[in-house]
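Taking it in order: structure first as structure tokens, then the write-up.
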Amino acid sequence: MRRLPRILTTLTTLAAAAALTAVGAPAATAAPLSMAAQLGTLAPSARVNVIGDNYPAKWRNIPQDSVVDDWNMYNRECVSWAAFTISRHGASANNYGDAKYWDDNAREHGYRVDNTPAPGAIAQTDAGRYGHVAVVDSVHGSTATVEDYNWAGDGHYLVHDISTRDFRYIHFSG
């Protein structure tokens with residue numbers, strides 16, 4: 001009986017990949033469910049105040065998800081990067097879990113959550129299986145330049161622009 005659900009899952013995945021390929025997407029882009037694949041990304045703006053990849057080497061230089069960091073998050077994930085960054089400014093997201101829960105957890109701890117991006121705020125979305133968080137570097141019109149880990153699902157640091165309307169903003173300071 002266990003084989004039937006596995007077969008159905010496989011068939012559903014293959015059908016979805018075939019449908020995307022049929023409408024012109026290359027087969028290689030059909031499988032990833034990264035935030036980049038779901039929400040897209042824009043080239044970084046020329047107007048940025050980049051924080052830089054200052055994530056500690058003890059988490060950055062080992063395989064993704066191989067250890068748990070000081071905030072109870074897996075290394076090289078967006079939540080670990082964000083928790084590390086805000087901790088450097090005296091705030092804590094310890095045990096906040098998957099990114100999709102960060103807005104609710106932040107509200108419960110008295111932090112402001114709204115639709116107004118600002119440098120230093122955490123951009124948060126519930127999109128995808130786990131959601132995503134990123135640190136806002138700068139805001140320019142309807143886009144914000146953010147820094148994050150694992151945007152493309154590969155556990156790497158990235159600076160890129162996002163559409164501000166796709167995210168909520170958690171203000172851990174100010």
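In this text, all values refer to a predicted model and were calculated from it rather than measured experimentally. Because only heavy atoms are used, hydrogens play no part in the values below, and waters and symmetry mates are left out as well, while side chains stay in. The residues of the chain are indexed from 1 along the displayed sequence.
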I'd like to know if the side chain of [X] reaches the main chain of [Y], judged simply by a donor and an acceptor atom lying under 3.5 Å from each other, with no hydrogens or angles considered.
X: Lys100; Y: His132; result: no
X: Arg168; Y: Asn115; result: no
X: Asn75; Y: Trp59; result: yes
X: Asn150; Y: Gly155; result: yes
X: Ser66; Y: Ile62; result: no

Write down the atom of [X], the atom of [Y], and the distance for their closest heavy-atom approach.
X: Val113; Y: Ala106; result: CG2-CB, 4.0 Å
X: Met73; Y: Trp102; result: CE-CZ2, 3.9 Å
X: Tyr169; Y: Ile162; result: OH-CD1, 4.2 Å
X: Val135; Y: Ala82; result: CG2-CA, 4.4 Å

So do [Y] and [X] actually touch side chain to side chain, heavy atoms under 4.5 Å?
X: His156; Y: Arg76; result: yes
X: Glu147; Y: Leu158; result: no
X: His160; Y: Val146; result: yes
X: Ile122; Y: Ile86; result: yes
X: Trp151; Y: Val159; result: no
X: Tyr130; Y: Val79; result: no
X: Val136; Y: Phe167; result: no
X: Asp103; Y: Asp126; result: yes

**Study point:** Tyr157 OH: over 12 foreign heavy atoms closer than 6.0 Å
**Key:**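 Yes, because the 6.0 Å sphere around OH of Tyr157 holds more than 12 heavy atoms from other groups.
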Review point. What about Ile170 and Tyr101, same hydrophobic cluster or not, with Ile/Leu/Val/Met/Phe/Trp/Tyr joined at side-chain heavy-atom distances under 4.5 Å?
Key: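 The answer is no; the residues belong to distinct hydrophobic clusters.
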Ignoring hydrogens and angles, write down the donor-acceptor pairs under 3.5 Å from the side chains of residues 90-99, residues two or more places apart or on other chains.
| unit_1 | atom_1 | unit_2 | atom_2 | d |
| --- | --- | --- | --- | --- |
| Ser92 | OG | Asn94 | N | 3.1 |
| Asn95 | OD1 | Asn72 | ND2 | 2.6 |
| Tyr96 | OH | His109 | ND1 | 3.2 |

Let me confirm one number: the [atom1]-[atom2] distance from [X] to [Y], rounded to the nearest 0.5 Å.
X: Tyr55; Y: Trp81; atom1: OH; atom2: CH2; result: 9.5 Å
X: Gln64; Y: Ser80; atom1: CD; atom2: OG; result: 10.0 Å
X: Arg107; Y: Asp114; atom1: CZ; atom2: CG; result: 9.5 Å

Check your understanding: Can you list the steps and then say if His140 with Thr145 is a side chain to side chain donor-acceptor pair (under 3.5 Å)?
Key -> CA-CA 8 Å; His140 26 88; Thr145 299; 2.8 Å; yes
Check your understanding: Would you call Lys58 and Asp69 a salt bridge, taking side-chain N to carboxylate O under 4.0 Å as the test?
Key ->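 Salt bridge between Lys58 and Asp69, a charged N being under 4.0 Å from a carboxylate O: no.
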Check your understanding: With under 30° as parallel and over 60° as perpendicular, where do the rings of Trp71 and Phe84 fit, or are they tilted in between?
Key ->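 Correct class here is perpendicular.
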